[in-house]
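A short worksheet on the structure shown next.
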Amino acid sequence: MLKAITPKSEDFSQWYTDVVRKADLMDYAPVKGFIVIRPYAYRIWEFIQKYLDARFQATGHENAYFPLLIPETLLTREAEHVEGFSPEVAWVTVGGGEALSERLAIRPTSETIVGEMYSRWIHSYRDLPVLINQWSNVVRWEKATRPFLRTTEFLWQEGHTVHRTKAEALSETEQQLEAYRGLLHDLLAIPAVTGIKSAGERFAGAVQTYTLEALMGDGRALQAATSHFLGQNFAKAFNIQFLDEDGVLKHGWTTSWGASTRLLGGLIMVHGDDRGLRLPPLVAPIQVVIVPIAKGGSGEPVNAYCQKLKERLAPHVRVVFDARDEFTPGYKFNDWEMRGVPLRLEVGPRDLAAGQVTAARRDIGAKIALADGELEVTVPQLLEDIQKSLYEQASAKLRAESVPIHDYHEAMEHDRRGFFYGDWCGEQVCADRLQEETSMTIRCLPLGEEPEDSGCVICQGPSRHRAVFARAY
RNA sequence: CGGGGCGUAGCGCAGCUUGGUAGCGCACUUGCUUUGGGAGCAAGGGGUCGGGGGUUCGAAUCCCUCCGCCCCGACCA
């Protein structure tokens, strides 16, 4: 067993804390609730950014940057929005040594400042659609924080669009949800349930919120990304109006959508095991590590081979040759496994003699011999296999822990671990009662699922929706 | 915001009960030997004991007070 990390099965929460710190993903900052995202984790975030940016731009979006501070009068313009966010807003009240005449909110999200600007920019149907994304930080003063999953400040992207018609805005909302689904599936190897949020869980000020819900290693749900159809709520609050082709002044239809550094927490909790992190190759800062085993007088030839091997592989994969002399091979094995490197190539005198290297897969732990001659081909192939294998493992777990129920007490038999599919009457009182009694919430109303008409799992009243119930982060 | 835990070297801890020169393991530095799953020996460096106040000849230790952090629950990406 790994010395540094508490086993998952023993204490999932402690395991998570151990992994994020021991794998050098983050460190706690001097202010409560704030963390430093260290280079190894930030690199993963950069892969996420690169993927999303490409998708956004392929669908006509541009990046821009809006200010960090929002005047109070602007933040409070949309009633539901301000009600939802006001408890967690941080305020700036002093500048240049003097009290400000109006306090300034540190953005918890940017709908309001963006809305204000859009109202100035949009006059005609010819100005639409406006398709803008921004990469930024936001601050939400949280009572209980956890590294990556819920920090006071976090990094994200927030897209803000305005459309001429309701149909176009709805289509935009769905398109971005699909971009996020792609991110999870293609890059992060995380399967997720797509659905819409119930009224109680909806974004403050939205008409409809689409969500991706992923299942963590401890059977709890994580909202991985959301896409909101805002209707004309913000357009009316911020006077986003345009003169349409028919000469009529109309309000625009807006959307917003976001994904945050919380995804890093999800990535860790979905794939990690007792040895530490397991990174999907596509987001692994280091995909392959070469560990030399220099026994007796074999140091020179082994190291020379490893160096050459690194140079051979470098054009194909992100590879590191661990030439540190101060650590034994055994130490290095554990160290790189903890950091989640997908593939390790061991090279010792026996390998040299046999014309091979020994490959150890992080996803399944198996070791196999690879012939020296074809490594430029077999190594990238193995990485592809590992990427798929991690998705399959997570997918199998999701299937195994997706449980249909007819009464919410059945979830207790599964220790509330997993996604529980059941009918819901649609009444908030039932959702509230469920949460009070079980800590479970309605994660979403999954797309493409119809109620069984077997009665609400809480009150046994008429079925109105199919819902996924779970405990959530 | 409730419940619990904890602040002593970079990390993990002992010392506190019963006040008397601040310790252990890991990590770090140097040297030698090692290397197929967390190496060994030797010699070193490193401390406002979370802050403030009090008691005392003397406080890591006793008293008061403040601060901070982590974990678990209720609210939120």
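A note on names: the letters A, B, ... follow the listed sequences, proteins ahead of strands, and every chain is numbered from 1. The structure displayed is predicted, hence computed values, not measured ones. Below, all heavy atoms of this structure are taken into account, side chains as well, without hydrogens, waters or symmetry copies.
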Seminar exercise, completed: Of A/Phe34 and A/Ala472, the one whose closest nucleotide on RNA chain B sits nearer the 5' end is A/Phe34
Exercise. Counting only non-hydrogen atoms, which of residues 174-202 of chain A are less than 4.0 Å from RNA chain B?
Worked result: none
Exercise. When rounded to the nearest Å, what value does the distance between P atoms of B/C63 and B/G19 take?
Worked result: 12 Å
Seminar exercise, completed: Between CZ of A/Arg220 and P of B/C71 the distance, given in whole Å, is 12 Å
Exercise. Using atom C1' of each nucleotide, how far apart are B/U61 and B/G3 to the nearest Å?
Worked result: 29 Å
Exercise. Which part of the nucleic acid, if any, lies within contact of A/Thr441, taking any heavy atom under 4.0 Å across all strands shown: a base, the sugar-phosphate backbone alone, or nothing?
Worked result: nothing
For this session: Using the P atom on both, measure B/G37 against B/C49 and round to a whole Å.
Result: 45 Å
Exercise. Does the gap between the ring centers of A/Phe56 and A/Trp257 come in under 6.0 Å?
Worked result: yes
Exercise. Does B/G19 have a Watson-Crick or wobble mate here (both distances under 3.5 Å), and if so which one?
Worked result: none
Exercise. Think A/Gln435 has a side-chain N or O under 4.0 angstrom from the OP1 or OP2 of B/C75?
Worked result: yes
Problem set entry | Separation of the C1' atoms in B/G5 and B/G45, to the nearest angstrom | 33 Å
For this session: Choose from B/G73, B/G37, B/C71 the nucleotide whose nearest atom is closest to any side-chain atom of A/Ala144.
Result: B/G73
Exercise. A/Arg146 near the nucleic acid: base, sugar-phosphate alone, or nothing, with a heavy-atom cut-off under 4.0 Å?
Worked result: sugar-phosphate
For this session: Check step by step if side chain to side chain contact (heavy atoms under 4.5 Å, CB included) holds for A/Ile106 and A/Leu68.
Result: CA-CA 6 Å; A/Ile106 300 175; A/Leu68 173 70; 3.8 Å; yes
Problem set entry | Exceeds 12 heavy-atom contacts within 6.0 angstrom, atom CD of A/Gln14 | yes
For this session: Name all residues meeting the side chain to side chain donor-acceptor pair (under 3.5 Å) criterion together with A/Gln49; count only those two or more places apart in sequence or in a different chain, and write none if there are none.
Result: none
Exercise. With distance as the sole criterion, is a donor-acceptor pair present between the side chains of A/Gln223 and A/Lys197 under 3.5 Å?
Worked result: yes
For this session: Under a 3.5 Å limit for both distances, which nucleotide forms a Watson-Crick or G-U wobble pair with B/C28, could you say?
Result: B/G44
Exercise. Taking atom C1' in both B/G25 and B/G38, what distance in whole Å separates the two?
Worked result: 15 Å
Exercise. Any chance the rings of A/Phe85 and A/Phe203 have centres within less than 6.0 Å?
Worked result: yes
Exercise. Mind checking the C1' distance from B/A60 to B/C24? Whole angstroms is fine.
Worked result: 16 Å
Exercise. Taking the six-membered ring of A/Trp156, is the NZ or CZ of A/Arg140 close enough (under 6.0 Å from the centre) and on axis enough (within 45°)?
Worked result: yes
Exercise. Using a cut-off of 4.0 Å between protein heavy atoms and nucleotide atoms, how would you tag nucleotides 27-36 of chain B 5' to 3' with B, S and -?
Worked result: -------BBB
Problem set entry | A/Glu83 CD: over 12 foreign heavy atoms closer than 6.0 Å | no
Exercise. If you measure from the C1' atom in B/G20 to the same atom in B/G15, how many Å do you get, rounded?
Worked result: 14 Å
Problem set entry | A/Thr17 side-chain N/O to B/C71 phosphate OP1/OP2 under 4.0 Å | yes
Problem set entry | Base of B/C76 paired with side chain of A/Arg140 (donor-acceptor, under 3.5 Å) | no
Exercise. Relative to the 5' end of RNA chain B, which residue comes earlier, A/Arg262 or A/Arg344, by the nucleotide with the nearest heavy atom?
Worked result: A/Arg344
Exercise. Between A/Arg21 and B/C69, is there a side-chain N or O to OP1/OP2 distance below 4.0 Å?
Worked result: no
Exercise. Is there a donor-acceptor contact under 3.5 Å linking the side chains of A/His228 and A/Thr209?
Worked result: yes
Problem set entry | Nucleotide opposite B/G36 in a Watson-Crick or G-U pair, distances under 3.5 Å | none
Exercise. With a non-hydrogen cut-off below 4.0 angstrom, is A/Tyr28 in contact with a base, only sugar-phosphate, or nothing?
Worked result: sugar-phosphate
For this session: Among A/Glu111, A/Gln176, A/His160, find the residue that satisfies the side chain to side chain donor-acceptor pair (under 3.5 Å) test when tested with A/Ser256.
Result: A/Glu111
Problem set entry | Closest to side chain of A/Arg275, choosing from B/G37, B/A39, B/A77 | B/G37
Exercise. Can you tell me the Watson-Crick or wobble partner of B/C75, both distances under 3.5 angstrom?
Worked result: none
Problem set entry | Separation of atom CG in A/Asp27 from atom C1' in B/C11, rounded to whole Å | 11 Å
Problem set entry | Pairwise C1' distance for B/G7 and B/C66, with rounding to whole Å | 14 Å
Exercise. Taking a pair as Watson-Crick or G-U wobble with both distances under 3.5 Å, which nucleotide is matched to B/C6?
Worked result: B/G68
For this session: Answer with base, sugar-phosphate or nothing: what part of the nucleic acid does A/Glu88 contact at a heavy-atom distance below 4.0 Å?
Result: sugar-phosphate
Problem set entry | For B/C62, the Watson-Crick or wobble counterpart (both distances under 3.5 Å) | B/G54
Seminar exercise, completed: Atom OH of A/Tyr473 and atom P of B/G73 are separated, to the nearest Å, by 8 Å
Exercise. With no hydrogens and no angle check, do the side chains of A/Tyr305 and A/Asp372 hold a donor and an acceptor under 3.5 Å apart?
Worked result: yes
Problem set entry | Minimum heavy-atom distance between A/Ala360 and A/Lys367, given as atom pair plus value | CB-CG, 3.9 Å
